[in-house]
Amino acid sequence: MAGPREGWGPVPGPDGGEAEAGTATGAVPGAGGVAEDERLARAALTRLVEPGDETVGRWLRELGPVALWRALCGAGEPPPGASAERIAGCRLRAERLDPAGDLAVAAARGGRFVCPGDLEWPGQLDDLGDARPVGLWVRGRPSLRMWALRSVAVVGARACSDYGAHVAATLGAGLAERGWVVVSGAAHGVDGAVHRGALAADGATIAVLASGVDIPYPRGHAELIERIAEQGLVLAELPPGAHPTRSRFVLRNRVIAALTRGTVVVEAQYRSGSLVTARRALKLGRHTMGVPGPVTSGLSSGVHELLRGEAVLVTDADEVAELVGGIGELAPARQGPLVERDLLDPVTARVLEALSAQGGSDGREVARDSGTSCEEALSRLYELLALGFVERHGDRWKLAPTDRRKDGTRRGDPQIWGNRVKGLRR
């Protein structure tokens, strides 16, 4: 990262006074790669600016976090193009900032602050360019970088149907059982269902919040978010104590899209934050998938619109894993139930089809309708007779009755072992 690395001057303390730079106790030992003054500067910026601000991202790229923090606080030259009003607003907010205190609060809750340059930083977030997070506040023991390498986002409607909740929970459990990390936003509806599905399967799941990692939102999911923090990871761009807003929910979705290898939308109306996630995933070159729903449901409209465009239709975890996984992670082939006729030789099957369903046919008629010689037709008819498909009455042949015996098989049904029929000439 470009920009000066020198000491960045006084840091506002918890009481509005000044604490000396370099005295923070909240920095995470061994986080790797990032100097303490840069970590403090980035932590301060997460409270000073809104997530996803590309202007700030450009300044950060050009000046570096320490110089940008000093500039926004009035301790250095203003960033290029920054208005006087913006600098004045930043100075006002900076008077009460305490990045060292934020780091300490996060550490007390078992959290840490992960920055670009840390060993734990997921490199795929860099695809966001200047909209890349300044840093991420993280709760949970696993490595964010390692978990994100094999992750899938599953998102959808908050007011989902029973069908949507069932599909989401099944996807969460299925993906977890296949070794995928399930990422969502911990909201009501589909998000909560997919997290619960992954947890129920003793799997890995990540919740990306639009608040601080110590502020569970929605409140009704406080217990769920705590379980995720214990068994998986909870992360946020906003510092401890920050509350969500409508715009922060929308901006949070870009992190979900960039962090994962693909996004699945289960249920979504035309105006839905889930569609924002899916479309951002498309722009980032990630796989985008949708689960179809009833055409009579408004909750299916947004998903179906995606499926008419660039999204791929999926119905279960196997199909998701096939799309986003590596070579060889194929979904099982699906086909209808195997019936006896499927195992017949093509010519024999054609002879069988030539038989009249009513009244029967003689050998010459069967040969004509099946396109075979009379001798060939007769030979095949006797095969079908041995297998129980047909009956002979005088010089006429007809289909065997379809009534069932007490053991549940049709009279004359051949025995099937694997893909072989007893007595069937291959």
Side-chain angles (χ1 to χ4, degrees), residues 110-111 114 120 122 124-125 136 138-157 160 162-209 213 216 218 220-236 252-253 255-267 274 277-278 281 286-291 314-326 328-332:
V114 179
E120 195 180 354
Q124 57 267 45
L125 290 179
L136 289 173
V138 181
R139 287 182 62 199
R141 291 183 294 274
S143 165
L144 174 60
R145 175 176 174 272
M146 298 307 297
W147 272 31
L149 290 175
R150 189 177 166 85
S151 63
V152 180
V154 181
V155 296
C160 68
D162 291 341
Y163 162 80
H166 172 75
V167 169
T170 303
L171 276 176
L175 288 167
E177 289 169 355
R178 286 157 182 78
W180 287 89
V181 178
V182 180
V183 180
S184 199
H188 288 302
V190 167
D191 289 16
V194 72
H195 285 308
R196 291 188 181 95
L199 291 171
D202 292 326
T205 188
I206 298 175
V208 184
L209 305 184
V213 292
H221 280 179
E223 182 178 348
L224 172 63
I225 292 170
E226 285 301 313
R227 285 185 60 203
I228 295 171
E230 293 172 3
Q231 188 169 322
L233 289 169
V234 175
L235 59 93
R252 177 269 309 269
N253 294 337
V255 177
I256 295 176
L259 189 67
T260 55
R261 293 172 68 169
T263 295
V264 185
V265 183
V266 175
E267 282 187 327
S274 303
T277 308
R286 309 295 196 261
H287 294 287
T288 305
M289 297 152 278
V291 179
V314 292
T315 61
D316 60 20
D318 283 327
E319 293 176 353
V320 175
E322 179 181 70
L323 190 63
V324 303
E329 294 189 59
L330 301 177

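- Considering CZ of Arg196 and CG of Asp191, their distance stands at 10.5 Å, rounded to 0.5 Å.
- For the pair Trp180 and Val324, the minimum side-chain heavy-atom distance is below 4.5 Å.
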Kindly determine whether Leu235 and Val208 satisfy side-chain contact (heavy atoms from CB on, under 4.5 Å), including the steps that lead there.
CA-CA 5 Å; Leu235 59 93; Val208 184; 3.7 Å; yes

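- Taking both residues in full, the closest heavy atoms of Leu323 and His287 are given as O-NE2, 3.3 Å, listed atom of the first, atom of the second, then distance.
- Formation of a donor-acceptor pair under 3.5 Å by the Gln124 side chain with backbone atoms of Leu259 is found in this model.
- Here the CG atom belonging to Leu209 is positioned 9.0 Å from the CZ atom belonging to Arg139, to the nearest 0.5 angstrom.
- Taking the side chain as every heavy atom from C-beta outward, Val154 and Leu175 approach each other to under 4.5 Å.
- In this structure, CD in Glu319 is found 11.0 Å from CE in Met289, a value given to the nearest 0.5 Å.
- Of the possible donor and acceptor atoms, one in the side chain of Arg141 sits under 3.5 Å from a partner among the backbone N and O of Glu230.
- Annotation: side chain of His195 is not in contact with side chain of His221 (no heavy-atom distance under 4.5 Å).
- Taking CH2 of Trp147 as the start and OG1 of Thr205 as the end, the distance is 8.0 Å to the nearest 0.5 Å.
- The side-chain heavy atoms of Leu125 and Val255, taken from C-beta on, include a pair separated by under 4.5 Å.
- Of all the heavy atoms in Ala201 and Glu177, the pair that sits closest is CB-CG, 4.0 Å.
- Expressed to the nearest 0.5 Å, how far OG1 of Thr263 lies from CZ of Arg286 amounts to 9.0 Å.
- Separation of atoms CG (Asp202) and CD (Gln231) is listed at 6.0 Å; rounding is to 0.5 Å.
- Contact record, Gly203 with Ala176: CA-CB, 3.7 Å, taken as the closest heavy-atom pair.
- Closest heavy-atom contact between Gly179 and Arg150: O-NE, 3.0 Å.
- For the pair Arg178 (side chain) and Ala317 (backbone), a donor-acceptor distance under 3.5 Å is absent.
- Between Val265 and Val155, some side-chain heavy-atom pair lies under the 4.5 Å cut-off.
- In this structure, Pro218 and Ala187 approach most closely via the heavy-atom pair CD-CA, 4.0 Å.
- Of all heavy-atom pairs between Ala207 and Ala186, the closest is CB-CB, 4.0 Å.
- Sparse packing is recorded around NE2 of His166, with 12 or fewer heavy atoms of other residues, nucleotides or ligands lying under 6.0 Å away.
- Side-chain contact between Leu199 and Ile228 is present, with heavy atoms from C-beta onward closer than 4.5 Å.
- The shortest side-chain heavy-atom distance between Ile206 and Leu144 falls under the 4.5 Å cut-off.
- By the 4.5 Å heavy-atom criterion applied to side chains, Leu171 and Val291 are counted as neighbours.
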